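Following: one structure in structure tokens, then a few remarks.
Residue numbers begin at 1 in each chain, while the letters A, B, ... track the order of the sequences. Note that the structure is predicted; figures quoted are calculated from it, not measured.
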Protein chains: 2
Amino acid sequence: MGLADDQHLAWMARSFGRPDYLPLTPEDLIALRSIAETVTRQPRSHLFREGDPAVAAYLIESGTVDLYRTRGKDRDVIARIGPGAVLGDIAMFGEGTYMSSARAMGRVTAFRFPREKLIPELAQRPALCLRWLVAGLRQLQDTQRRIIHLMHKTVIAQVADLLTEESRKHGEIELSQAAIATLLGVSRQSVNEALGAIRRTGAIATAYRKIEVVDADALVRIAAEPKP
Amino acid sequence: MGLADDQHLAWMARSFGRPDYLPLTPEDLIALRSIAETVTRQPRSHLFREGDPAVAAYLIESGTVDLYRTRGKDRDVIARIGPGAVLGDIAMFGEGTYMSSARAMGRVTAFRFPREKLIPELAQRPALCLRWLVAGLRQLQDTQRRIIHLMHKTVIAQVADLLTEESRKHGEIELSQAAIATLLGVSRQSVNEALGAIRRTGAIATAYRKIEVVDADALVRIAAEPKP
DNA sequence: TGGCAAGTGTCGGAATCCCGACAATGGTCG
DNA sequence: CGACCATTGTCGGGATTCCGACACTTGCCA
């Protein structure tokens with residue numbers, strides 16, 4: 001698989017993968033947790049690895065997890081997710097393999113839903129199943145809209161959008177320009193150029209491997225700018 | 001809403017909207033048909049219109065339906081779908097409005113699943129609901145892969161891919177270059193250029209509002225070509 | 001302290017694509 | 001037949017992005 005393909009897969013995982021996606025209501029989760037296993041992971045250990053058969057879905061309770069794909073000897077971080085995020089569900093329902101690896105960054109606690117337990121539970125509780133279906137489709141629709149907004153926009157707008165999103169989730173942004181480029185499926189140089197342009201507007205401040213959002217509103221405006 | 005936005009919406013509808021998407025097994029459909037209304041539409045009449053509240057999903061039994069969006073006085077055909085296609089389900093589950101209009105081209109027969117009947121049915125039959133869920137997510141995954149393949153490719157490869165797909169569905173292709181451009185979210189001139197390039201390879205023959213696939217294999221090869 | 005790997009900033013050329021404009025041709029309807 | 005609209009084919013300018021290359025900075029570790 002070529003480099004370009006991996007870039008696109010990373011882009012996809014960011015756009016489609018559902019970091020911080022909580023498809024169910026608290027009541028649903030309570031029902032679900034009766035069949036969940038509680039798992040704890042020490043830093044730098046894996047929840048699952050890319051290519052493993054997807055036998056379970058996970059719900060992060062606490063801690064931070066990196067989703068990444070392996071390319072040769074490098075790791076491309078696709079997304080950094082936190083509490084409330086559900087991961088692995090698409091691959092699990094699709095009876096395929098995980099599309100990325102999930103590694104605990106700090107100490108992580110999570111709920112693990114094994115497929116052989118989750119499927120019967122859903123089959124027994126139609127309301128739960130139906131809700132999961134509806135939530136999933138709604139999320140799909142939102143994702144569609146999001147992609148439209150992004151895909152034919154200038155690199156500057158894409159970067160601004162990503163920064164807005166990341167800063168909302170984790171305050172300060174610790175991503176290298178190369179990582180941002182991977183997430184967006186563009187070249188590193190373009191990201192550099194875009195960051196420079198945004199910095200000149202005063203919306204952000206950049207440092208080594210760190211970006212600080214100074215003016216969030218300005219950032220949103222930049223992200224919304226059309227391409228003409 | 002700007003022109004560019006509409007282009008992207010059209011692109012989305014083609015990529016995400018599920019023309020010719022049959023998520024369920026024949027057994028499932030038999031169960032579903034007990035709650036379906038059979039509807040018949042004369043040529044040029046509508047199944048639903050863009051913006052209508054999405055109160056039902058449809059399964060095409062026979063005939064051809066155009067999905068289009070209205071832009072000012074023009075109609076942008078998003079997709080032309082045939083028997084087996086399910087439409088309107090995402091909007092229906094999401095409790096929103098239809099994102100495009102559906103108009104019968106020839107005489108059309110279809111099954112109509114009203115929301116207030118379908119939801120209880122799914123709630124009563126967990127297996128059916130679960131299967132819909134799994135099928136939907138699997139389709140989502142396929143779509144993701146497909147988009148990755150398409151999105152950072154040359155216009156020529158995109159056009160070749162579209163032609164391959166269309167010819168498989170409806171033998172001969174009756175689309176104007178402007179329509180193709182809308183479907184792909186690119187400019188008409190680029191489509192013209194791409195068609196010319198493909199024609200020169202001998203893979204297709206073009207005529208007024210009609211394209212004939214001469215060498216399907218060559219077309220697939222062109223669609224797979226990377227961008228370097 | 002001195003490398004060394006990782007990350008950043010910048011340049012210029014090449015490729016792709018968009019956009020506006022215009023001419024030429026096909027189909028339709030009075 | 002003739003007017004008229006839709007469609008196709010083509011051109012050139014301009015904008016954006018990719019790519020390879022290189023110098024510089026930062027953080028880490030022996």
Whole-Å distance between [N] [atom2] and [X] [atom1]?
| X | N | atom1 | atom2 | value |
| --- | --- | --- | --- | --- |
| A:Leu184 | D:dT16 | CG | C1' | 16 Å |
| B:Lys153 | C:dC17 | NZ | P | 13 Å |
| A:Arg188 | D:dC18 | CZ | P | 12 Å |
| B:Ile211 | D:dT7 | CD1 | P | 13 Å |
| B:Leu175 | D:dT7 | CG | C1' | 13 Å |
| A:Lys210 | C:dT8 | NZ | P | 12 Å |
| B:Arg200 | D:dT10 | CZ | C1' | 11 Å |
| A:Glu193 | C:dT8 | CD | C1' | 13 Å |

Q) Step by step, would you call B:Val65 with B:Arg103 a side-chain contact (heavy atoms from CB on, under 4.5 Å)? A) CA-CA 5 Å; B:Val65 173; B:Arg103 195 173 72 137; 5.8 Å; no

Counting only side-chain heavy atoms from C-beta out, which of [options] sits nearest to [X]?
| X | options | answer |
| --- | --- | --- |
| B:Gln177 | D:dT8, C:dC18, D:dT17 | D:dT8 |
| B:Tyr208 | D:dT10, D:dA6, D:dC18 | D:dA6 |
| A:Ser187 | C:dA21, C:dT8, D:dC18 | D:dC18 |
| B:Val155 | C:dC17, C:dG7, D:dT10 | C:dC17 |
| A:Asn192 | C:dG7, C:dT10, D:dT7 | C:dT10 |

Q | CD/A:Glu61: more than 12 non-hydrogen atoms of other groups inside 6.0 Å | A |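 Yes, enclosed.
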
Q. Hey, mind stepping through A:Lys153 and A:Glu225 against salt bridge (Lys or Arg N to Asp or Glu O under 4.0 Å) and telling me if it holds?
A. CA-CA 8 Å; A:Lys153 265 186 179 169; A:Glu225 262 170 18; over 6 Å; no

Q) Any side-chain N or O of A:Arg199 less than 4.0 Å from the OP1 or OP2 oxygen of C:dG9? A)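 A:Arg199 to C:dG9 OP1/OP2: side-chain N or O found under 4.0 Å.
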
Q. Within the structure, does a side-chain N or O atom of A:Thr154 lie under 4.0 Å from either OP1 or OP2 of D:dT17?
A.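 True: A:Thr154 side-chain N/O within range (under 4.0 Å) of D:dT17 OP1/OP2.
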
Q) Which part of the nucleic acid, if any, lies within reach of B:Gln189 when heavy atoms closer than 4.0 Å are counted: base, sugar-phosphate only, or nothing? A)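 Base contact - B:Gln189 has a heavy atom under 4.0 Å of at least one base atom.
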
Q: For B:Glu174, enumerate each residue passing the salt bridge (Lys or Arg N to Asp or Glu O under 4.0 Å) test, keeping only those at least two apart in sequence or located in another chain.
A: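 Applying salt bridge (Lys or Arg N to Asp or Glu O under 4.0 Å) to B:Glu174 gives none.
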
Q. Would you say the side chains of A:Ser100 and A:Glu50 form a donor-acceptor pair under 3.5 Å?
A.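 No.
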
